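Structure record follows, encoded as structure tokens.
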Amino acid sequence: MKRLAKAVAWFASGSFIGTLSQVIKGKLSAVLLGAEGVGVLNQLTNLFTLVNSISGLSFYNGIVQRIASAKSEDDSVRLASQLSTSLIFLTIFSSAAAGMSVAFAAQISHLIFGDNGDRASLVAIVLLFVPFAVTSQTYRGLLSGHRLVRPIVVAQVFSDILGLVVFAVLIYSHELLGAVVAFGALHAIKLFAQVYMVRSALGAGYILPRLSRFQWSEVGTNFKYGINGLAISALSIGTVVIVSRWIIDDLGFAENGIFSVAWKVASLYLGAIYAAAGGYYLPSLVGAKGNAGLSAQVNQTVVLYLFILPPMVIALVLGGELLVRILFNQEFVAAAFLLALMLPGDLLRVTSESVGLSFLAKRRLLAYTGAYVVWAAVFLLLTRIFIGYFGLLGVALAYLASHAFNLGLILVLAKRAFAFSFTPASLRALLLGLVATGLAALASFLVDELWRRGMVGAVLLSIWVLLSMKDESFRMLAGRAIAKVRKK
């Protein structure tokens with residue numbers, strides 16, 4: 001747990017800069033573009049993420065696993081072959097896929113906006129930068145496979161800061177068009193930063209691929225990982241694109257802008273968790289010995305995450321309205337009420353995905369993919385039903401309910417595959433987190449005054465800390481955190 005906690009801390013430091021840059025971008029977007037413009041920009045970024053995942057064939061997890069395995073076995077030949085093969089194949093494939101997508105920009109624009117192709121130029125600009133993102137992610141996979149956390153974080157911080165400067169200049173001068181161009185330019189910056197950090201951390205020999213080391217067998221191996229990751233990415237991101245289109249059709253562009261703000265806030269604070277999951281946690285699961293070792297690693301991680309997230313969720317839920325006013329503007333206040341349901345859902349999401357990564361690590365790919373298929377189907381079905389009755393709040397309710405269902409499904413599958421079950425510490429941490437955040441969500445709807453919400457939050461947080469202190473792991477992590485604060 002100590003090493004994972006350190007990795008999370010590193011990623012959290014980088015994520016803080018990333019979150020800050022996203023906050024500033026969000027404020028600029030809210031002021032200069034308004035809710036409707038934010039909704040359009042968000043749908044374009046969703047499209048980019050979807051095409052990026054498809055163009056990259058979701059090879060990333062396979063690259064991390066293969067490089068981590070080659071490094072643990074000291075197999076330099078396999079490591080070099082994996083790197084060269086991935087860079088050559090993915091760069092060519094992603095360029096071709098992006099080119100094809102640009103050719104159909106008008107049709108894609110109508111598909112995601114229902115605008116008869118009016119935003120085709122914006123779609124084309126976004127898609128042109130997909131190859132940069134795919135290649136950048138390949139280099140990041142090399143660093144992750146080596147568990148080189150610090151270079152990953154440094155590259156991330158550099159990209160976030162420079163990307164923010166570019167965004168601020170372009171959105172001020174060209175509004176929505178400038179924001180779209182800046183979004184694409186960020187991925188070109190990320191590629192430069194990743195290449196530089198690979199050279200610094202591993203040497204110049206890891207920069208350029210060699211055709212002589214290309215092996216179709218490595219493509220086949222990554223494809224076995226990628227086909228499942230591809231299905232999952234297409235489902236998770238495609239689901240958001242579909243939901244956004246439904247919101248646009250049923251409620252309007254402005255309502256989709258409000259939804260995108262809630263989704264962004266809910267995603268930003270989880271950045272360190274997911275960065276650590278890909279950069280450290282997954283390689284650790286790959287190296288776990290037997291079901292006992294795997295279960296121990298999963299339970300330690302679940303407990304750690306459930307010690308970190310509840311205080312954040314309580315603060316965000318009860319302070320969401322003020323936060324949205326500060327970070328965006330009055331036009332987006334309704335997003336705070338969506339957060340009251342979506343953020344407790346994130347506790348369930350993080351828990352289920354922490355357990356679910358064990359299927360990927362041990363190549364139980366059918367179960368790993370199948371669970372996502374079921375989640376996407378449940379989320380879409382509930383959204384289609386609830387949006388008619390509750391509007392945007394129905395989408396948030398569908399998000400919460402779908403992740404509750406998914407956690408139950410994942411636990412059943414893990415029990416059968418690995419004889420996995422929560423330890424008492426994991427179960428206690430989960431129940432405490434759900435009760436505390438659930439009460440915070442209820443208070444956000446029932447209590448109007450901000451100072452009263454603050455008092456409720458302080459009481460809930462105090463009770464949560466006192467009950468969590470009964471766990472030895474919590475006391476150990478809290479003691480280390482206090483010691484570090486005192487040193488500073």
Side-chain angles (χ1 to χ4, degrees), residues 4 58 61 65 225 227-240 266-267 270 273-274 276-278 281-286 288 290-310 313 341-383 397-435 437-438:
L4 178 63
S58 291
N61 286 329
Q65 194 276 343
Y225 281 95
I227 192 62
N228 291 274
L230 179 60
I232 290 168
S233 295
L235 281 168
S236 59
I237 302 164
T239 296
V240 178
S267 301
L270 292 175
I273 299 295
Y274 288 115
Y281 178 49
L282 179 59
S284 298
L285 289 179
V286 171
N291 288 345
L294 185 72
S295 295
Q297 182 66 55
V298 171
N299 273 297
Q300 288 178 8
T301 302
V302 167
V303 169
L304 176 63
Y305 288 169
L306 291 174
F307 287 160
I308 296 172
L309 290 179
V313 172
L341 294 176
M342 294 175 67
L343 295 178
D346 282 332
L347 283 184
L348 300 168
R349 174 186 172 187
V350 168
T351 303
S352 62
E353 292 186 356
S354 297
V355 179
L357 274 177
S358 59
F359 294 104
L360 178 62
K362 299 306 177 183
R363 305 189 67 176
R364 302 291 184 92
L365 303 181
L366 180 61
Y368 183 65
T369 306
Y372 268 86
V373 172
V374 173
W375 169 79
V378 171
F379 181 40
L380 287 173
L381 175 63
L382 293 179
T383 297
L397 182 60
Y399 180 85
L400 173 62
S402 64
H403 281 299
F405 179 88
N406 189 52
L407 176 58
L409 176 62
I410 288 287
L411 291 176
V412 170
L413 294 175
K415 179 72 174 179
R416 296 185 63 180
F418 310 116
F420 173 82
S421 61
F422 281 139
T423 61
S426 297
L427 187 59
R428 182 170 56 251
L430 177 60
L431 292 176
L432 278 175
L434 289 177
V435 171
T437 56

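Predicted model only: the values in this text are computed from it and were never measured.
Using a 4.5 Å heavy-atom cutoff, the side chains of Leu430 and Val303 are not in contact. At a threshold of 4.5 Å between non-hydrogen side-chain atoms, the residues Leu347 and Leu434 count as touching. With a 4.5 Å cut-off on side-chain heavy atoms, Glu353 and Tyr372 count as touching. Between Phe418 and Ser358 the shortest side-chain heavy-atom distance falls below 4.5 Å. With a 4.5 Å cut-off on side-chain heavy atoms, Phe420 and Val355 count as touching. Between Thr351 and Tyr305, every side-chain heavy-atom pair lies at or beyond the 4.5 Å cut-off. A heavy-atom distance below 4.5 Å is not found between the side chains of Leu409 and Trp375. Phe359 is not listed as a side-chain neighbour of Leu366, based on a closest heavy-atom distance of 4.5 Å or more.
Between Ser352 and Ile410 the shortest heavy-atom distance is O-CG2, 3.7 Å. Taking both residues in full, the closest heavy atoms of Thr239 and Ala376 are given as OG1-CB, 3.6 Å, listed atom of the first, atom of the second, then distance. Here the closest non-hydrogen pair linking Leu382 and Ser402 is CD1-N, 4.2 Å. Among all heavy-atom pairs drawn from His403 and Gly345, the shortest one is CB-O, 3.8 Å. Closest non-hydrogen pair, Gly433 versus Pro310, comes out as CA-CG, 3.9 Å. Nearest heavy atom pair, residue Pro344 against residue Leu400, reads C-CD1, 4.1 Å.
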_Test log, rule side chain to side chain contact (heavy atoms under 4.5 Å, CB included), inputs Met342 and Tyr399_ = CA-CA 6 Å; Met342 294 175 67; Tyr399 180 85; 4.0 Å; yes
*Is there a side chain to side chain contact (heavy atoms under 4.5 Å, CB included) between Asp346 and Val313 once you walk through the steps?*
CA-CA 9 Å; Asp346 282 332; Val313 172; 5.7 Å; no
*Carefully, step by step, assess Tyr368 and Leu357 under the rule side chain to side chain contact (heavy atoms under 4.5 Å, CB included).*
CA-CA 8 Å; Tyr368 183 65; Leu357 274 177; 3.8 Å; yes
*Is there a side chain to side chain contact (heavy atoms under 4.5 Å, CB included) between Leu235 and Val373 once you walk through the steps?*
CA-CA 7 Å; Leu235 281 168; Val373 172; 3.4 Å; yes
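Atom CG of Leu411 and atom CG of Asn406 lie 9.5 Å apart (nearest 0.5 Å). A distance of 8.0 Å separates CG of Leu306 from OG of Ser354, quoted to the nearest 0.5 Å. With rounding to the nearest 0.5 Å, the separation of CD in Gln300 from OG in Ser295 is 11.0 Å.
Between the side chains of Thr423 and Ser426, at least one donor N or O sits under 3.5 Å from an acceptor N or O.
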